Student: 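Please read through the structure below; I'll follow up with questions.
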Amino acid sequence: MMTVAAARLLADGQVSFVGIGLPSAACNLARLTHAPNLVLIYESGTIGTRPTVLPLSIGDGELAETATCVIPLPDIFSDYLQAGRIDVGFLGAAQIDKFGNLNSTVIGPYDKPKTRLPGAGGATEIAAHARQVFIVMKATPRSFVKALDFQTSGGHFAGRTQSGARGSGPAVIVTDVGILKPRAETGEFALSALYPGIPAEEAKAAVGWPLAVLPALETCAVPSAPELEALRALEARTAAAHREPVRLPL
Amino acid sequence: MMTVAAARLLADGQVSFVGIGLPSAACNLARLTHAPNLVLIYESGTIGTRPTVLPLSIGDGELAETATCVIPLPDIFSDYLQAGRIDVGFLGAAQIDKFGNLNSTVIGPYDKPKTRLPGAGGATEIAAHARQVFIVMKATPRSFVKALDFQTSGGHFAGRTQSGARGSGPAVIVTDVGILKPRAETGEFALSALYPGIPAEEAKAAVGWPLAVLPALETCAVPSAPELEALRALEARTAAAHREPVRLPL
Amino acid sequence: ARKLTFSWGGNPGVGSLHRLRDAVENAWPGPLEIDEHSHAAMAVAYRAGAARLPFGMLRGYIGTDLAKQNPRIRSVTCPYTAEKLATVPAVNPDVTILHAQRADKRGNVAIDGIVGAAREAALAAGKLLVTVETIVEELPPAMNNVVLPHFTVTAVSHCPGGAWPSYAHGHYARDNDFYLKWDVIARERGRFTAWIDRHVRGTADHRAFLASLQGQAA
Amino acid sequence: ARKLTFSWGGNPGVGSLHRLRDAVENAWPGPLEIDEHSHAAMAVAYRAGAARLPFGMLRGYIGTDLAKQNPRIRSVTCPYTAEKLATVPAVNPDVTILHAQRADKRGNVAIDGIVGAAREAALAAGKLLVTVETIVEELPPAMNNVVLPHFTVTAVSHCPGGAWPSYAHGHYARDNDFYLKWDVIARERGRFTAWIDRHVRGTADHRAFLASLQGQAA
């Protein structure tokens with residue numbers, strides 16, 4: 001449901017900066033269903049790539065072979081992201097707060113972390129410069145927290161409009177228990193849409209801050225047959241492709 | 001004789017930043033005779049090019065087709081020239097002074113020029129950053145002047161060593177009446193070698209400043225048969241190639 | 001044209017651009033403001049423009065009077081080494097016009113050969129207009145070749161011969177003869193104006209322009 | 001290793017790098033100094049290094065605590081617009097080690113596929129060591145493809161399979177299984193050390209290393 005819900009948010013023709021995992025699945029599902037002209041950019045440098053299977057890393061060969069072009073990583077960040085050419089950037093993290101600020105750096109203090117996470121990667125500048133940011137994360141009280149241990153990338157933080165960030169910040173958080181959108185006045189995320197069969201109480205319980213509910217609370221449609229069929233076929237192709245053993249030139 | 005004299009100055013394996021005209025002829029002559037591993041870089045972006053005929057512009061197609069690689073012009077200037085990867089840069093100009101400072105910008109005042117020349121192009125940074133600069137110019141009192149109307153690029157100017165220039169400046173001026181080299185103490189160019197049949201007086205008369213003569217004044221060897229043969233063959237191939245009419249897709 | 005931002009203005013391999021000289025020396029047909037740089041500086045200015053940075057920096061303008069004449073050449077101090085580096089303002093043209101070899105129906109543009117600063121000038125532009133030798137149904141995956149993706153391109157026009165008198169790699173060579181002829185055509189105002197009237201103002205489109213020059217360009 | 005300059009340290013598509021975690025969290029096998037950035041900043045740091053500029057700049061480090069933790073993240077003020085831009089020191093590795101597809105006898109190196117910041121990291125290096133899948137007599141003219149010219153390369157070594165467990169475009173695919181296995185191997189110090197002793201310290205060269213892993217990598 002998360003993948004389908006995220007895919008539905010993408011409009012045809014948009015330019016999307018994609019990470020591995022659920023964002024990659026959602027973007028490719030959208031491309032294979034309602035948004036055939038979606039442009040997928042992976043930070044490794046592939047522009048307009050059309051993989052037939054989901055990559056396990058941003059460096060997978062098929063991303064290059066099916067791309068409109070492959071450019072150096074510095075150009076992706078300077079001439080595309082920083083230049084404001086990305087419509088939608090996908091982000092996830094270990095922690096999120098109610099303003100959509102994200103932590104993918106450390107749990108615990110920075111100098112003596114309890115858990116050292118992988119770090120920012122492209123997230124800090126994606127959060128700043130993509131026109132819109134879509135956040136995709138499973139909701140638990142441990143990850144949807146009142147206060148981040150570290151702010152890796154910015155959501156609707158105080159002073160965003162004067163900060164030099166080009167983009168408008170996170171537009172949506174797609175979770176496994178519903179969809180959150182920010183209130184225009186405060187930038188604070190509130191429950192915007194439910195999934196069929198998951199009540200608002202379950203969503204509220206999964207979030208570590210008091211989750212408000214937007215007045216126009218919707219319920220998402222169940223995944224349609226074409227959506228499910230496209231997603232299952234994509235996953236089946238992916239599983240088959242990744243079962244092929246690697247042959248080294250020995 | 002100028003072309004042959006300039007070609008002889010190039011050592012095999014050097015990386016040379018080449019302009020159109022005599023420098024291009026000299027570099028290709030060197031490559032076809034004693035320096036087969038000379039690496040020619042034209043500022044348009046061709047690295048290690050091996051044209052069979054002399055180009056009439058730095059954008060000629062054969063430069064790309066025979067190059068080790070073709071890279072963007074900004075990379076040529078930043079990652080090769082500025083980074084100190086160029087052994088020899090060739091320059092010419094409308095005016096030169098005794099320190100090897102060059103003018104290719106204006107004759108007369110900058111704001112109200114008598115003659116507006118094409119301008120710096122790559123010259124300013126070639127003069128600063130190439131390890132050595134070879135200047136190639138026909139000598140006349142109008143071009144070898146006491147004072148430049150405008151300094152486009154720097155030779156052995158006062159303060160060069162503290163200026164941020166990476167290179168050691170002009171090492172030689174190849175003229176049509178002899179070869180000039182700088183005195184180590186002053187950076188002032190003096191007559192270093194004569195051509196067969198051209199006396200020092202003729203060289204002195206062609207230069208607009210009192211031209212000193214270095215103690216170890218040499219006389220260049222006449223062009224050898226292989227040198228002349230290679231040069232004439234190169235020129236013949238070039239003339240033939242450039243006689244072919246251009247066919248537009250009409 | 002009111003102002004020219006440039007680093008070299010000549011007829012490559014031939015000599016001066018007489019019309020540029022006349023404009024700067026004699027203000028004909030009107031005064032021309034000059035914003036003069038070096039190639040290395042223009043390169044970082046385009047690159048800064050493409051990255052939407054406000055300026056570019058280089059180890060440049062050393063041993064030259066250019067920085068004295070152009071107040072737009074300034075400097076920054078390195079926050080680590082305290083070195084001074086030369087700066088130039090980013091160049092962000094309102095419109096960049098390029099000629100390329102191929103485009104596809106979606107507007108992706110492929111450039112082969114010597115690319116100069118074409119990619120940077122394209123991505124620095126507010127609007128990007130591209131003329132091409134051929135339009136194909138779909139470009140093959142380009143791998144590491146130079147492509148301007150369709151969402152960076154404002155409009156594509158099919159214009160064979162659009163690089164003339166320069167060349168289009170893989171299509172036709174540089175018309176070196178014409179560069180020599182241009183020296184004669186452009187030397188005097190009268191002859192230049194007559195040529196423009198006849199071949200540019202007097203033709204309906206680029207095809208007619210090229211046809212009018214066949215065999216008697218000078 | 002004493003210090004790590006980085007922007008992301010994970011097992012792509014799998015999770016944490018347990019050995020990195022252990023070093024940072026528990027100083028095992030020794031303390032590791034951290035110089036942490038974002039991808040965009042590392043990109044300009046390598047590019048500055050390749051151009052031998054002392055720093056790179058970006059519109060970056062906005063809305064993040066990173067700049068508070070890393071004193072090497074600073075800023076410059078634009079001399080035209082007075083905007084503040086984030087800066088990072090240039091990265092100029094003493095040695096850069098790359099794996100590429102092909103080299104020729106003269107040492108020219110051709111890279112195909114996803115190049116990342118390989119070219120910038122190569123040209124920023126004091127010494128550049130390249131391992132390749134194949135060595136050919138002479139590379140064909142590359143046109144716009146990525147080539148490191150021989151005079152930028154310190155040494156080339158023929159090392160087929162040198163990208164493993166990652167892939168070499170056109171030669172072999174990424175060994176995704178091994179990335180999953182690595183999560184298990186590297187999770188505990190004992191198992192990790194045993195693996196390193198057996199497969200890395202216990203083999204004579206890269207071929208023997210790969211052979212020792214055939215069929216029983218975990």
Side-chain angles (χ1 to χ4, degrees), chain B residues 20-21 42-46 55-61 63-65 70-78 81-82 101 105 110-125 127-129 148 150-155 157 160 163-166 242 244-250, chain C residues 6-13 15-17 20-21 24-25 36-41 43-44 46-47 58-66 69 83-85 112-120 133 146 160-161 164-167 169-179 207 210-211 214:
Chain B
I20 294 304
Y42 289 81
E43 69 189 18
S44 51
T46 58
L56 285 194
S57 91
I58 54 168
D60 273 20
L63 294 180
E65 281 154 15
V70 181
I71 68 172
L73 178 145
D75 292 349
I76 288 281
F77 281 96
S78 61
L81 181 59
Q82 181 171 272
N101 299 308
T105 304
Y110 185 78
D111 289 330
K112 186 68 194 155
K114 194 165 147 284
T115 306
R116 173 67 227 196
L117 303 166
T124 305
E125 281 74 27
H129 297 315
L148 302 178
F150 186 93
Q151 185 166 320
T152 309
S153 60
F157 58 91
R160 180 179 176 104
S163 69
R166 293 188 74 108
H242 293 155
E244 283 177 29
V246 175
R247 256 165 309 193
L248 282 179
L250 266 178
Chain C
F6 79 121
S7 52
W8 197 79
N11 183 340
S16 286
L17 284 180
L20 175 60
R21 281 191 55 182
V24 175
E25 295 168 15
E36 185 166 5
H37 294 279
S38 68
H39 277 356
V44 298
Y46 277 123
R47 185 158 270 179
L58 69 161
R59 297 185 187 276
Y61 291 120
I62 295 164
T64 178
D65 293 338
L66 277 169
Q69 291 294 344
E83 288 168 89
K84 262 190 149 186
L85 296 156
D112 302 311
I114 293 174
V115 294
R119 201 191 64 85
E120 288 76 10
E133 294 293 329
V146 181
W164 184 88
S166 189
Y167 69 100
H169 194 95
H171 291 265
Y172 46 87
R174 190 173 186 265
D175 190 349
N176 290 311
D177 266 357
F178 186 77
Y179 283 82
R207 177 179 290 270
L210 291 180
Q214 290 289 74

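All of these numbers come straight from a predicted model, not from anything done at the bench. In what follows, chains carry the letters A, B, and so on, assigned in the order in which the sequence lines appear, proteins first and then strands, with residues in each chain numbered from 1.
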Student: Specify the closest pair of heavy atoms between B:Pro74 and C:Ala43, including all atoms of both residues, with the distance to one decimal.
Tutor: CA-CB, 3.7 Å
Student: Is it the side chain or the backbone of C:Tyr46 that comes within 4.5 Å of chain B heavy atoms, both, or neither?
Tutor: neither
Student: Between C:His169 (side chain) and B:Ala64 (backbone), is there a donor-acceptor pair under 3.5 Å?
Tutor: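 Not a single qualifying donor-acceptor pair exists.
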Student: If you compare all heavy atoms of B:Arg116 against all heavy atoms of C:Arg21, which two are closest, and at what distance to 0.1 Å?
Tutor: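 Closest heavy-atom pair between B:Arg116 and C:Arg21: O-CG, 3.3 Å.
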Student: So, for C:Ile62 and B:Ser163, which heavy atoms are closest and what is the spacing to 0.1 Å?
Tutor: CG2-OG, 3.3 Å
Student: What part of B:Asn101 gets within 4.5 angstrom of chain C, counting heavy atoms only: side chain, backbone, both, or neither?
Tutor: neither
Student: Measure the spacing between CZ of B:Phe157 and OG1 of C:Thr64 and express it to the nearest 0.5 Å.
Tutor: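 Taking CZ in B:Phe157 and OG1 in C:Thr64, the distance rounds to 9.5 Å.
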Student: Under 4.5 Å, counting heavy-atom pairs only, tell me which of B:Arg160, B:Lys114, B:Arg166 racks up the most with chain C.
Tutor: B:Lys114
Student: Kindly compute the distance separating OG1 (B:Thr105) from CD (C:Gln69), expressed to the nearest 0.5 Å.
Tutor: 9.5 Å
Student: Which atoms form the tightest heavy-atom contact between C:Ala173 and B:Val246, and what is the distance?
Tutor: O-CG1, 3.4 Å
Student: Can you tell which part of C:Leu58 gets under 4.5 Å to a heavy atom of chain B, answering side chain, backbone, both or neither?
Tutor: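 Both the backbone and the side chain of C:Leu58 come within 4.5 Å of chain B.
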Student: Side chain, backbone, both or neither: which part of B:Ala165 has a heavy atom under 4.5 Å from chain C?
Tutor: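 The answer is both parts of B:Ala165.
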Student: Does C:Tyr61 offer a backbone N or O that forms a donor-acceptor pair with the side chain of B:Glu125 under 3.5 Å?
Tutor: yes
Student: Taking the side chain as everything from C-beta on, heavy atoms only, tell me whether C:Arg47 gets closer than 4.5 Å to B:Asp75.
Tutor: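 Side-chain contact under 4.5 Å: yes.
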Student: For chain B, find which of C:Gly60, C:Gly13, C:Gly116, C:Pro12 contributes the most heavy-atom pairs closer than 4.5 angstrom.
Tutor: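 When all of C:Gly60, C:Gly13, C:Gly116, C:Pro12 are compared, C:Gly116 has the most.
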Student: Identify which part of C:Glu120 has an atom lying under 4.5 Å from any heavy atom of chain B, answering side chain, backbone, both or neither.
Tutor: side chain
Student: If you count heavy-atom pairs within less than 4.5 Å of chain B, which of C:Ala117, C:Ala118, C:Ala40, C:Gly10 leads?
Tutor: C:Ala40
Student: What are the two closest heavy atoms between C:Gly15 and B:Pro118, and how far apart are they?
Tutor: O-CG, 4.3 Å
Student: Hey, which of B:Gly21, B:Gly122, B:Ser78 has the most heavy atom pairs under 4.5 Å with chain C?
Tutor: B:Gly122
Student: What option among B:Pro55, B:Gly45, B:Pro113 has the most heavy-atom pairs under 4.5 Å with chain C?
Tutor: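 Most heavy-atom pairs within the cutoff with chain C belong to B:Pro113.
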Student: Between C:Glu25 and B:Thr115, is any pair of side-chain heavy atoms under 4.5 Å apart?
Tutor: yes
Student: Among B:Gly154, B:Pro72, B:Gly121, B:Gly119, which residue forms the greatest number of heavy-atom pairs with chain C at distances under 4.5 Å?
Tutor: B:Gly121
Student: Can you tell me which portion of B:Ser153 sits under 4.5 Å from chain C's heavy atoms? Options are side chain, backbone, both or neither.
Tutor: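 It is the backbone, since no side chain atom gets that close.
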Student: Can you tell me how far apart OG1 (B:Thr124) and NE2 (C:His37) are? Round to the nearest 0.5 Å.
Tutor: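 If we round to the nearest 0.5 Å, B:Thr124:OG1 and C:His37:NE2 are 12.0 Å apart.
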